[in-house]
Protein chains: 2
Amino acid sequence: MSDGRMAQVYRGESLLFLTDEQLRQGIEAMFFAYRGFTADPDRILGEMAYGRAHHRAIHFINRVSGTTVNNLLAILGVTKQSLNRVLRTLIAEGLVESRVGTIDKRERHLFLTEAGHELETRLSDAQRARMRAAFRDAGPEAVAGFKQVLEAMMDSDMRNAYAKMRGNTT
Amino acid sequence: MSDGRMAQVYRGESLLFLTDEQLRQGIEAMFFAYRGFTADPDRILGEMAYGRAHHRAIHFINRVSGTTVNNLLAILGVTKQSLNRVLRTLIAEGLVESRVGTIDKRERHLFLTEAGHELETRLSDAQRARMRAAFRDAGPEAVAGFKQVLEAMMDSDMRNAYAKMRGNTT
DNA sequence: TTGGAATGTCAACAAGGCTGACGTAAGCTG
DNA sequence: CAGCTTACGTCAGCCTTGTTGACATTCCAA
């Protein structure tokens with residue numbers, strides 16, 4: 001696997017981007033950029049008793065309003081115990097509402113309350129501001145490439161979840 | 001900050017990528033892609049008693065061989081206590097060597113041992129394989145855009161660290 | 001020589017992952 | 001109806017990885 005180190009370089013300019021050196025740059029760019037990506041919401045959350053896990057839950061409850069716990073579990077890719085701890089505090093503090101399902105009463109459907117929406121807005125405004133600046137600086141073509149590469153980096157199940165997210169505005 | 005929601009959309013096609021909807025997609029793509037990004041090394045590390053923090057330390061000790069602890073601290077962006085715990089186990093298990101500085105004896109310079117290099121190779125091979133597949137699928141122009149957006153998303157200090165990383169092959 | 005920088009270590013703590021086990025309510029199926 | 005399965009919650013315990021605070025050591029530099 002560590003082969004092909006230099007092999008591709010000489011096949012032409014068009015394959016320069018597959019050099020191990022280029023790949024390493026991509027890896028490190030991902031590492032540093034992800035820190036920037038989470039920095040602003042983290043700062044806001046740090047002021048309260050919440051963490052990144054709460055942000056993720058709030059984000060996707062907002063995105064897929066009325067989602068069941070099981071569905072949220074699948075999106076977030078954590079265990080129900082882990083999610084439950086976060087959900088419990090969010091419900092207790094009145095940011096999330098859990099309604100028993102009408103068709104299937106075993107299910108709980110999750111919604112943001114008014115307070116929940118407020119926090120969600122604060123968090124995504126901060127995160128979007130940085131993303132917007134980055135998008136603006138890089139330009140539309142770069143943004144298209146950005147999304148293409150990210151999508152290609154996902155597992156098939158993540159890609160499914162992401163695809164679902166893309167269509168759904170409910 | 002939550003303004004401008006729809007404002008830009010109507011200014012023309014060229015600003016479509018700055019829609020809140022587009023930004024949200026970018027945010028979610030980042031979230032899912034980062035999971036994919038770390039999935040393969042995490043799987044390898046899970047077999048051993050190591051975690052993602054060990055991977056990061058090993059990666060950058062390999063990249064900036066002979067780095068001081070302080071410098072590594074700045075790159076990783078964690079506290080010295082947090083890093084120290086990780087370094088201690090890596091040194092104890094013979095993956096990293098810590099040499100007292102010759103010029104400034106207060107400094108410790110960090111190097112990978114033979115065993116350290118082996119693990120580093122296993123980990124980056126796995127991570128590079130996915131990155132390579134993503135790069136190949138997306139093509140060179142997308143890759144250029146990918147890097148542009150990521151770089152624009154960093155803080156200035158991260159960007160400095162990343163820039164240093166880009167030049168240095170030592 | 002003294003202050004400060006670089007490093008390390010101990011202790012305590014919290015967030016947020018994980019597994020395993022168990023309970024309850026509700027739906028489904030033979 | 002009886003019994004299995006599903007959805008959800010919860011308790012207990014463990015791990016990694018981050019944090020602060022306090023303190024010791026070593027050594028450079030003014």
Side-chain angles (χ1 to χ4, degrees), chain A residues 31 34-35 38-39 41-61 66-93 96-111, chain B residues 31 34-35 38-39 41-61 66-93 96-110 123:
Chain A
F31 169 71
Y34 197 78
R35 278 234 301 265
T38 56
D42 280 0
R43 212 168 299 131
I44 294 170
L45 291 157
E47 297 165 11
M48 340 181 131
Y50 297 130
R52 210 176 283 179
H54 298 85
H55 182 194
R56 290 197 286 259
I58 287 175
H59 175 96
F60 285 109
I61 291 172
T67 177
T68 64
V69 173
N70 245 8
N71 187 44
L72 188 54
L73 237 38
I75 292 171
L76 295 176
V78 296
T79 59
K80 64 173 178 174
Q81 292 91 331
S82 202
L83 174 60
N84 188 253
R85 182 173 22 194
V86 168
L87 276 183
R88 216 184 316 168
T89 73
L90 289 175
I91 291 168
E93 310 207 7
V96 166
E97 194 191 342
S98 166
R99 294 184 207 152
V100 174
T102 48
I103 299 168
D104 187 335
K105 291 177 185 169
R106 292 170 304 176
E107 297 179 340
R108 305 298 144 92
H109 299 274
L110 303 169
F111 301 86
Chain B
F31 170 72
Y34 198 77
R35 279 233 302 263
T38 57
D42 279 0
R43 212 167 299 131
I44 294 170
L45 291 157
E47 297 166 11
M48 340 182 132
Y50 297 130
R52 211 174 282 179
H54 298 85
H55 181 195
R56 290 197 286 259
I58 287 175
H59 175 97
F60 284 108
I61 290 172
T67 177
T68 63
V69 173
N70 241 14
N71 186 44
L72 188 55
L73 236 41
I75 293 171
L76 294 175
V78 295
T79 59
K80 62 176 178 172
Q81 293 90 334
S82 199
L83 175 59
N84 189 255
R85 181 177 22 201
V86 168
L87 278 182
R88 215 183 318 165
T89 73
L90 290 175
I91 291 168
E93 310 206 7
V96 166
E97 195 190 342
S98 166
R99 296 185 206 152
V100 175
T102 48
I103 299 169
D104 186 336
K105 290 177 186 169
R106 291 169 304 179
E107 296 180 341
R108 305 300 142 95
H109 297 275
L110 303 169
L123 293 172

Is a donor-acceptor contact shorter than 3.5 angstrom present between the side chain of A:Arg106 and the base of D:dT6?
yes

Ignoring backbone atoms, establish whether B:Arg85 has a side-chain N or O less than 4.0 Å from OP1 or OP2 of D:dT16.
no

Between CD1 of A:Ile91 and P of D:dG9 the distance, given in whole Å, is 7 Å

Base, sugar-phosphate alone, or nothing: which one does B:Arg52 contact when heavy atoms must sit under 4.0 Å apart?
sugar-phosphate

Evaluate the ring planes of B:His54 and B:Tyr50, with Trp represented by its six-membered ring, and classify them as parallel (under 30°), tilted (30 to 60°) or perpendicular (over 60°).
tilted

Side chain of B:Ser82 only, please: which of D:dT19, C:dA26, D:dC8 is the nearest?
D:dT19

Would you mind classifying the nucleic acid contact of B:His55 as base, sugar-phosphate or nothing, using non-hydrogen atoms under 4.0 angstrom?
nothing

Respond yes when some side-chain nitrogen or oxygen of B:Thr79 is under 4.0 Å from OP1 or OP2 of D:dT19, and no when none is.
yes

B:Leu73 CG to C:dA5 P, in whole Å, measures 16 Å

Closest approach to the side chain of A:Val78, judged atom by atom: which nucleotide of C:dC18, D:dG9, C:dA26 is it?
C:dC18

According to a strict under-4.0 Å criterion, is B:Asn70 in side-chain N/O contact with OP1 or OP2 of C:dT7?
yes

Given atom CG of B:Asn84 and atom C1' of C:dG8, what is their separation to the nearest angstrom?
6 Å

For the side chain of B:Lys80 and the base of C:dG8, is some donor closer than 3.5 Å to an acceptor across the two?
yes

Could you tell me which non-hydrogen atom of B:Ala74 sits nearest to which non-hydrogen atom of A:Arg35, and how far apart they are?
O-NH2, 4.4 Å

Given atom CZ of B:Arg88 and atom C1' of C:dT7, what is their separation to the nearest angstrom?
13 Å

Integer-rounded Å distance: C:dA5 P and B:Asn71 CG:
18 Å

Does the base of D:dG13 carry an N or O that pairs as donor and acceptor with the side chain of A:Gln81 under 3.5 Å?
no

Report the distance from atom CG of A:Leu87 to atom C1' of C:dG16, rounded to the nearest whole Å.
13 Å

B:Glu107 with B:Lys105: basic N within carboxylate O range, under 4.0 Å
no

Any A:His54 side-chain N or O less than 4.0 Å from OP1/OP2 of C:dA15:
no

Between C:dT19 atom C1' and A:Leu83 atom CG, what is the distance in whole Å?
16 Å

Expressed as a whole number of angstroms, how long is the span from A:His109:NE2 to D:dC8:C1'?
12 Å

A:Arg56 and A:Leu76 have their tightest heavy-atom pair at CB-CD2, 3.9 Å

With DNA chain C as reference, determine whether A:Arg56 or A:Lys105 sits nearer its 5' end, using the nearest nucleotide of each.
A:Arg56

Once you round to the nearest 0.5 Å, how far does NE2 of A:His109 lie from OG1 of A:Thr102?
6.0 Å

Using a heavy-atom cut-off of under 4.0 Å over every strand shown, decide if A:Ile103 touches base, sugar-phosphate, or nothing.
sugar-phosphate

Taking the six-membered ring for Trp, is the centroid-to-centroid distance between A:Phe60 and B:Phe31 below 6.0 Å?
yes

